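Structure first, then comments.
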Amino acid sequence: QAAEWLEGSAIRRVIAVPWNAQTEAVVQTFTTDDKIQLFMSNEDIFAYKVSEVKQVSENDTSVLSATKPSIVIILYQPKAEQRWVVIAEQ
């Protein structure tokens, strides 16, 4: 027997976006209840509402897990001590 993954069972999708000044400025403009749409390569579209925008330390892995369907967008910058994250829920 082998392990299997139940398609559609993902709880939190994690998306890392490379840092640049323009992207950081956009991330900082997000507010609670702003809408985010995630377009998948198979043409599925997932809709989310922003619940939180914050900076976390580079070692903070708590943003990677959740108990309800959501995404976390991490503004990734190598060697940065803090990273911007956007958390949005379905």
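Numbers for residues simply follow the sequence, beginning at 1. Only heavy atoms go into these numbers, but all of them, side chains included; no hydrogens, no water, no symmetry mates. Model, not experiment: these values are computed from the prediction.
- Residues V85 and D60 form no side-chain contact, since every pair of their non-hydrogen atoms from C-beta on lies 4.5 Å or further apart.
- Side-chain atoms of E89 and P69, non-hydrogen and from C-beta on, never get closer than 4.5 Å to each other.
- Contact check for I74 versus V56: no side-chain heavy atoms found under the 4.5 Å cut-off.
- The hydrophobic cluster containing I15 also contains M40, counting ILVMFWY residues as joined when their side-chain heavy atoms lie under 4.5 angstrom apart, directly or transitively.
- Proximity of V63 to K54: side-chain heavy atoms (C-beta onward) are separated by under 4.5 Å at one or more points.
- Neither V14 nor Y48 shares a network with the other; the hydrophobic side chains, linked directly or stepwise wherever heavy atoms of I, L, V, M, F, W or Y lie under 4.5 Å apart, form separate groups for each.
- Taking both residues in full, the closest heavy atoms of D44 and F46 are given as CB-CE1, 3.9 Å, listed atom of the first, atom of the second, then distance.
- Heavy-atom minimum distance, S65 versus R12: O-NH1, 3.0 Å.
- Interatomic distance, E58 CD to Q77 CD, rounded to the nearest 0.5 Å: 10.5 Å.
- Residues L64 and W84 are members of separate hydrophobic clusters, defined by side-chain heavy-atom contacts under 4.5 angstrom among Ile, Leu, Val, Met, Phe, Trp and Tyr.
- There is a path of hydrophobic side-chain contacts, each under 4.5 Å, that joins W19 to V86.
- Closest of all the heavy-atom pairs between I71 and L38 is CG2-CD2, 4.3 Å.
- Between I36 and I73 the shortest side-chain heavy-atom distance falls below 4.5 Å.
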Quick one: do Q90 and S70 satisfy side-chain contact (heavy atoms from CB on, under 4.5 Å)? Show the steps, please.
CA-CA 6 Å; Q90 283 189 315; S70 56; over 6 Å; no
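- Put simply, CG on D34 and NZ on K49 are 10.5 Å apart, with the number rounded to the nearest 0.5 Å.
- The side-chain heavy atoms of R83 and L75, taken from C-beta on, include no pair separated by under 4.5 Å.
- V27 and V17 fall within a single hydrophobic cluster, where Ile, Leu, Val, Met, Phe, Trp and Tyr are joined by side-chain heavy atoms under 4.5 Å apart, directly or via other members.
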